[in-house]
Protein chains: 4
Amino acid sequence: MSSRGPGRPRSEPARQSVLAAVTHLIGREGYGRVTMEAIAREAGVSKQTVYRWWPTKAAIVLEALNEGAAEIAPATDTGSLSADLRRFLRRTVAGADGRNARLLAALMAAAQLDDAFAESFRTGFLARRRLALRELLQRGRDRGEMASSADLDFLVELAFAALWYRILVRHQPLGRHFADQLADTVLTLALTP
Amino acid sequence: MSSRGPGRPRSEPARQSVLAAVTHLIGREGYGRVTMEAIAREAGVSKQTVYRWWPTKAAIVLEALNEGAAEIAPATDTGSLSADLRRFLRRTVAGADGRNARLLAALMAAAQLDDAFAESFRTGFLARRRLALRELLQRGRDRGEMASSADLDFLVELAFAALWYRILVRHQPLGRHFADQLADTVLTLALTP
Amino acid sequence: MSSRGPGRPRSEPARQSVLAAVTHLIGREGYGRVTMEAIAREAGVSKQTVYRWWPTKAAIVLEALNEGAAEIAPATDTGSLSADLRRFLRRTVAGADGRNARLLAALMAAAQLDDAFAESFRTGFLARRRLALRELLQRGRDRGEMASSADLDFLVELAFAALWYRILVRHQPLGRHFADQLADTVLTLALTP
Amino acid sequence: MSSRGPGRPRSEPARQSVLAAVTHLIGREGYGRVTMEAIAREAGVSKQTVYRWWPTKAAIVLEALNEGAAEIAPATDTGSLSADLRRFLRRTVAGADGRNARLLAALMAAAQLDDAFAESFRTGFLARRRLALRELLQRGRDRGEMASSADLDFLVELAFAALWYRILVRHQPLGRHFADQLADTVLTLALTP
DNA sequence: GCGTAAACGAGACGGTACGTCGGGTCTTTAA
DNA sequence: TTAAAGACCCGACGTACCGTCTCGTTTACGC
């Protein structure tokens with residue numbers, strides 16, 4: 001059933017130690033100073049094995065981020081827009097803190113340097129996260145908790161923009177207070193005609 | 001007064017052709033694919049001359065951006081918060097469009113890769129622009145055009161966050177409509193207690 | 001009798017297609033540009049199968065050479081030193097021409113690069129061929145067709161040296177004329193006290 | 001006069017330490033086990049510098065050989081064919097002994113693996129050495145010390161063939177005795193009609 | 001004017017990392 | 001047990017840029 005044809009199967013330990021290595025190295029050196037060579041060395045894996053499975057450094061980081069769970073905060077439906085929003089943003093902000101902040105910043109930087117990666121990052125990562133929040137807001141609008149004239153896409157963009165600005169500029173902390181402030185802001189705008 | 005001691009003076013043509021080269025190359029290849037080597041070649045200048053005057057690629061881009069004018073939009077005082085805000089954001093958004101968008105995105109990416117540059121970018125570029133907008137809002141508050149409880153720093157952050165998100169993600173255009181939408185948003189939040 | 005124990009028997013077609021592949025590839029690319037990888041690919045055989053039966057590229061070439069017949073020219077005894085010599089050298093020169101020249105040159109090159117192979121090549125290939133000619137000369141001496149002071153080993157060495165020089169340097173053709181010229185030379189020296 | 005234009009001049013120490021490194025490494029490891037990487041490392045020179053000046057390993061060896069003096073034995077004219085021949089072959093054999101034997105064998109091997117190098121080796125190294133001996137023999141013939149029917153090219157080929165065979169096969173030593181034996185042989189053949 | 005001195009172009013230098021290739025080995029499924 | 005397939009670790013390949021270092025040359029200034 002799980003037969004995968006002939007040939008030596010891919011080494012799962014190798015895969016995981018590469019992901020661990022990239023996370024560790026970026027935390028220690030910063031994305032820009034991490035090389036494919038160093039990743040392979042740190043992971044105890046040959047360069048060839050790295051290149052066999054990932055085309056670029058950014059692709060490894062992306063997989064490491066997805067692996068570390070922190071999947072998109074599931075928009076559990078509490079029945080209240082306000083509560084849903086608070087919960088979603090708290091989870092999202094928490095997931096972008098600490099070690100992950102470095103990885104996320106690195107990905108956004110990589111997207112500016114590599115057009116091919118930018119495309120996959122935009123549609124495969126950013127857009128999916130925007131969509132999750134948009135559906136949350138849509139539910140609120142369907143329940144009549146929002147001015148019908150509200151521009152949902154703009155509100156979603158505003159929330160993620162604020163989050164990314166703190167990730168990239170790092171002049172203010174990411175925390176519960178920030179998440180709640182953001183939720184209040186979105187709610188205020190949603191209710192204003 | 002203009003005495004600069006003995007020795008051959010710095011070549012202004014060389015300086016300008018480096019700035020032109022970096023702008024041209026980033027537009028054509030993208031920041032990540034541009035090398036110091038290529039900049040010198042394209043500018044018809046020796047590598048040494050480049051390194052004599054700029055420590056990093058990012059420093060050249062920063063100077064090219066300042067050179068191309070587009071200084072911080074001067075917050076001319078019209079007497080009305082609404083009008084000031086509209087004017088400021090329209091100018092700022094316009095200055096971040098087109099060719100400059102690539103340069104700005106490159107700078108933000110460089111800041112993620114190089115901690116030393118990040119510091120100077122944060123305090124010398126981003127903070128100064130935030131300050132300009134903050135003073136504009138402060139004037140409005142002093143004139144009583146705003147709820148006294150409004151969090152000015154947060155509003156400023158929100159405006160620039162939205163701008164940077166579009167610069168970096170490029171999923172929606174930067175334009176007059178976006179600037180006005182942003183101005184309206186800030187104003188709404190400023191008036192809501 | 002032909003029982004070779006349990007298990008799948010060695011594939012004769014695989015063996016032959018490896019030998020054919022190595023001959024074909026060396027003719028097309030030259031020994032140095034042929035890789036084990038390419039041999040396996042060209043032969044339609046897995047790399048493991050190649051390594052299971054031959055330790056090195058040179059070993060394959062050596063087997064290919066022996067396979068292609070051209071065993072040591074048998075020193076048929078005509079009763080005359082002159083005729084024996086002529087016949088032996090004509091056959092030997094002919095066997096070193098054309099496609100085999102490339103293979104022989106490759107073997108001599110491999111012997112310079114790999115000491116282990118050099119040893120087996122020296123004693124298992126070169127020495128056996130020298131011995132064949134030496135015995136031919138010895139028969140002539142026993143029959144009194146040669147000055148008793150003649151240094152047989154030196155004459156043998158001279159003949160093969162001339163042959164190998166043409167194989168390796170390729171500035172003059174290998175042919176019947178060359179073989180006869182060589183035979184005359186050896187005979188002249190054998191007769192001169 | 002010796003002006004070499006602008007730019008940093010080539011480093012003579014670097015050049016010489018590369019030549020020394022290649023000689024040392026080949027003596028220690030054998031030509032086949034020496035890599036460009038190891039040459040650069042041993043010479044304390046960057047790989048780029050090696051590749052800037054020599055296209056292949058063989059080219060370095062060739063230059064090292066010419067550098068180590070041992071230029072073609074100058075065919076000083078003693079007035080006697082026999083004496084000239086003896087002197088020439090003694091010098092030539094001596095120059096092919098010891099450390100140089102490894103280098104020469106390596107060059108001949110490289111010529112079998114790389115067609116481009118083969119060409120330059122054949123015409124730039126081997127042919128020039130054959131020519132020197134040919135001129136020596138020609139002088140002898142002009143003085144009437146040789147049968148007029150003698151095939152000079154064949155005699156030259158025979159002498160160098162014998163030398164190369166010992167270099168490559170290494171079954172007998174290169175020494176004064178061998179050189180004299182060779183001289184006697186050539187002389188005998190030159191005198192026999 | 002004439003020397004001093006800095007900036008300039010050219011380009012070689014020691015390095016580091018790139019992305020690829022091939023070497024041998026190992027691990028799977030199929031015959 | 002052998003075979004095909006193909007992943008594995010390893011190390012070298014030849015190239016691209018890095019930032020630095022000589023060179024010879026040019027262009028100001030101050031004596």
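Chain identifiers are assigned alphabetically (A, B, ...) following the order of the sequence lines, protein sequences preceding nucleic acid strands; residue numbering begins at 1 within each chain.
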Q: May I ask you to verify whether the side chain of Lys47(B) and the base of dG19(F) hold a donor-acceptor pair under 3.5 Å?
A: yes

Q) Do Arg15(B)'s NZ or CZ and the ring of Trp53(B) fall within the cation-pi criteria of under 6.0 Å and 45°? A) no

Q: Specify the separation, in whole Å, of atom CG of Leu113(A) and atom C1' of dC17(F).
A: 16 Å

Q: Return the angle between end axes of the helix from dG1(E)-dC31(F) to dA31(E)-dT1(F), with five pairs used per end and rounding to 10°.
A: 10°

(Q) Could you tell me how far apart Glu29(D) (CD) and dA12(F) (C1') are, to the nearest whole angstrom? (A) 14 Å

Q. More 5' along DNA chain E: Lys57(A) or Ser46(B), using each one's nearest nucleotide?
A. Ser46(B)

Q.
Please report the interatomic distance CD(Glu42(C)) to CG(Leu25(C)), rounded to the nearest 0.5 Å.
A. 4.5 Å

Q) What nucleotide, of dG14(E), dT15(F), dT29(E), holds the atom closest to the side chain of Ala14(D)? A) dG14(E)

**Q.** Lys57(B) side chain to Val34(B) backbone, donor-acceptor under 3.5 Å
**A.** yes

Q. Which heavy atom in Ala21(A) sits nearest to a heavy atom in Ile39(A), and how many Å separate them?
A. CB-O, 3.9 Å

Q | Side-chain-base donor-acceptor pair under 3.5 Å for Gln48(B) and dA7(E) | A | no

Q: Indicate, with a heavy-atom threshold strictly under 4.0 Å, whether Thr35(D) touches base, sugar-phosphate, or nothing.
A: sugar-phosphate

Q: Using whole Å, report how far CD of Glu12(B) lies from C1' of dC8(E).
A: 15 Å

Q. Between atom CG of Leu19(C) and atom CD of Glu63(C), what is the distance when rounded to the nearest 0.5 Å?
A. 5.0 Å

Q. When the distance from CD1 of Ile60(D) to C1' of dC13(F) is rounded to whole Å, what number comes out?
A. 14 Å

Q: Mark yes or no for a side-chain to base donor-acceptor pair under 3.5 Å between Arg8(C) and dT2(F), with no hydrogen or angle criteria applied.
A: yes

Q: Round to a whole Å and report the spacing from CD of Glu37(C) to P of dG23(E).
A: 6 Å

(Q) Is there a side-chain contact between Arg52(B) and the phosphate of dC8(E), meaning an N or O under 4.0 Å from OP1 or OP2? (A) yes

Q: Output the distance between atom CZ (Arg102(C)) and atom CG (Leu107(C)), rounded to the nearest 0.5 Å.
A: 13.0 Å

Q) CE of Met108(C) to CZ of Arg122(C): how many Å apart, nearest 0.5 Å? A) 9.5 Å

(Q) Can you measure Met36(D) atom CE to dG22(E) atom P for me and round it to whole angstrom units? (A) 18 Å

Q. To the nearest Å, how far apart are Arg15(B) CZ and dC8(E) P?
A. 12 Å

Q) Atom CZ of Arg33(A) and atom P of dC18(E): how far apart are they, to the nearest Å? A) 14 Å

Q) Does dC8(F) have OP1 or OP2 sitting under 4.0 Å from an N or O in the side chain of Trp53(A)? A) yes

Q. Hey, which of these two, Ala38(D) or Gly7(D), hits DNA chain F nearer its 5' end, going by closest nucleotide?
A. Ala38(D)

(Q) Can you identify which nucleotide, out of dA3(F), dG9(E), dA4(F), has its nearest atom closest to the Pro6(A) side chain? (A) dA4(F)

Q) Where each residue is assigned the nucleotide of DNA chain E containing its nearest heavy atom, which of Val45(B) and Val34(C) is assigned the position nearer the 5′ end? A) Val45(B)

Q | Proximal nucleotide (of dA31(E), dG23(E), dC18(E)) relative to the Tyr51(A) side chain | A | dC18(E)

Q | Any Ile60(B) side-chain heavy atom under 4.5 Å of Val50(B) side chain | A | yes

Q) OP1 or OP2 of dC9(F) less than 4.0 angstrom from a side-chain nitrogen or oxygen of Thr49(A), does that happen here? A) yes

